[in-house]
Colleague: 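The structure's right below; bear with me while I get my questions together.
Letters go in sequence order (proteins before strands), and every chain restarts at 1.
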There are 2 protein chains.
Amino acid sequence: MPAAASRPRTLPTASAARAARMAEIFHALSDPTRLLIFEALRGGEQCVCNLTGILEAQQSRLSFHLKTLKDAGLVNDRREGRWIHYSLDPDALEEVRSALDDLTRAAKSSAAACCRR
Amino acid sequence: MPAAASRPRTLPTASAARAARMAEIFHALSDPTRLLIFEALRGGEQCVCNLTGILEAQQSRLSFHLKTLKDAGLVNDRREGRWIHYSLDPDALEEVRSALDDLTRAAKSSAAACCRR
DNA sequence: CGAATATATCTACAAATCTTGATATGTCAA
DNA sequence: TTGACATATCAAGATTTGTAGATATATTCG
């Protein structure tokens, strides 16, 4: 990694890694079905059977989306007898929130003198 | 699907529409390249030529991602001579933030009695 | 006008994603 | 055990997305 100018150079590796994680989170939230699941879980833990009722989702389809959310670390599951309960992961919630804050905070500074004729 | 308990029924249409819009926003943010663009724009308006330098992106690829962000309403463009400047859309920023707040707020209530043996 | 520059759009194509239907796994109850 | 239930996983096809390269459009400059 060579010298650094004052302004932006090429993508810093750290930034790239963070971007990848954020992309993963946002991707998990980028589907309507998953958002509805997410909303359903806001009120607290729900078993899959309840979710099947709430959404009009086929069983395997629901399972697929739950897995996507879980792989992204947004939800946790817990087995109780033959039922499996999903809930939002509080840490992930915080991560999402701060990711977005990072993203949107500190806008509006200099209009970066650029491309002046 | 028998009688309704106290809790959620089927998906309310309003909720579905909102979920679709939120999904659109989150989808726009679900790619590392786009997130880097987004970050680059936090500091203020940038012309495409600057962005090409910041990211290691081919011209058409950058254009593609800018269009995606624009279609989702997250950025605006403005032509000035032969250059085109992109900037974050303040309203969209607010929309994103409140979408996320909606999503994460008000978790933790009743663990919805469900599937009791 | 014609050339050069900045950027968008089009065209394939590869890879990722979503959906459905079928099957597997784990758990309880008779 | 066996069967019923709850859920996950697999397989295949349709759709969407991202990339690269080629070409088109707008704008300035000479």
Colleague: Using atom names, set out every protein N or O paired with an N or O of nucleotides 16-18 of chain D below 3.5 Å, distance rounded to 0.1 Å.
Modeller:
from, atom 1, to, atom 2, distance (Å)
dG18(D), OP1, Arg34(B), NH2, 3.1
dG18(D), OP2, Arg34(B), NH1, 3.3

Colleague: OP1 or OP2 of dA6(C) versus the side-chain N and O atoms of Tyr86(B): is any pair under 4.0 Å?
Modeller: no

Colleague: Under the side-chain hydrogen bond (donor to acceptor under 3.5 Å, both in side chains) test, which residues partner Arg82(A), sequence neighbours left out?
Modeller: none

Colleague: Calculate the interatomic distance between Arg79(B) atom CZ and dT5(C) atom P; express it in whole Å.
Modeller: 16 Å

Colleague: Take the protein atom CH2 of Trp83(B) and the nucleotide atom C1' of dA26(D), then report the distance between them rounded to whole Å.
Modeller: 13 Å

Colleague: Return the value, rounded to whole Å, for the distance between atom CG of Leu69(A) and atom C1' of dA8(D).
Modeller: 15 Å

Colleague: Under a 4.0 Å N-O cut-off, is there an ion pair linking Arg97(A) with Asp101(B)?
Modeller: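 Yes, Arg97(A) and Asp101(B) are salt-bridged.
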
Colleague: Closest to the Ser60(B) side chain: dT5(C), dA22(D), dA26(D)?
Modeller: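 Per side-chain heavy atoms of Ser60(B), the pick is dA22(D).
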
Colleague: Run the side-chain hydrogen bond (donor to acceptor under 3.5 Å, both in side chains) test against Asp71(B) and tell me which residues pass, sequence neighbours left out.
Modeller: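 Expected list: Lys67(B).
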
Colleague: Please state how far atom CD in Gln58(B) lies from atom C1' in dT19(D), giving the value in whole angstrom units.
Modeller: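 In whole Å, dT19(D) C1' lies 8 Å from Gln58(B) CD.
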
Colleague: Go nucleotide by nucleotide along DNA chain D from the 5' end; which of Arg82(A) and Ser63(A) gets its closest nucleotide reached first?
Modeller: Arg82(A)

Colleague: So how far is it from Leu41(A) CG to His85(A) NE2, rounded to the nearest 0.5 Å?
Modeller: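 So the gap between those two atoms works out to 12.0 Å.
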
Colleague: Could I get the full list of side-chain hydrogen bond (donor to acceptor under 3.5 Å, both in side chains) partners for Arg79(B), not counting sequence neighbours?
Modeller: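 Arg79(B) satisfies side-chain hydrogen bond (donor to acceptor under 3.5 Å, both in side chains) with no other residue.
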
Colleague: Do Gln59(A) and dA8(D) have a side chain to base donor-acceptor pair shorter than 3.5 Å?
Modeller: yes

Colleague: When the distance from CG of Leu55(A) to P of dT19(C) is rounded to whole Å, what number comes out?
Modeller: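 It works out to 11 Å between those atoms.
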
Colleague: Return the nearest nucleotide to the side chain of Lys67(A); candidates are dT7(C), dT9(D), dG21(C).
Modeller: dT9(D)

Colleague: Could I get the full list of ring-ring contact (aromatic ring centres under 6.0 Å, His included) partners for Phe26(B), not counting sequence neighbours?
Modeller: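 Phe26(B): ring-ring contact (aromatic ring centres under 6.0 Å, His included) contacts with Phe26(A).
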
Colleague: Can you check the Leu62(B) CG to dA6(C) P distance for me, whole Å?
Modeller: 14 Å

Colleague: Without decimals, in angstroms, what is the distance between Leu51(A) CG and dT7(D) P?
Modeller: 9 Å

Colleague: Leu35(A) CG to dC18(C) P: how many Å, rounded?
Modeller: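 Answer to the nearest Å: 11 Å.
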
Colleague: Which side-chain N or O atoms in residues 58-65 of chain A pair as donor and acceptor under 3.5 Å with protein atoms at least two apart or in another chain?
Modeller:
from, atom 1, to, atom 2, distance (Å)
Arg61(A), NH2, Thr33(A), OG1, 2.9
His65(A), ND1, Arg34(A), NH1, 3.0

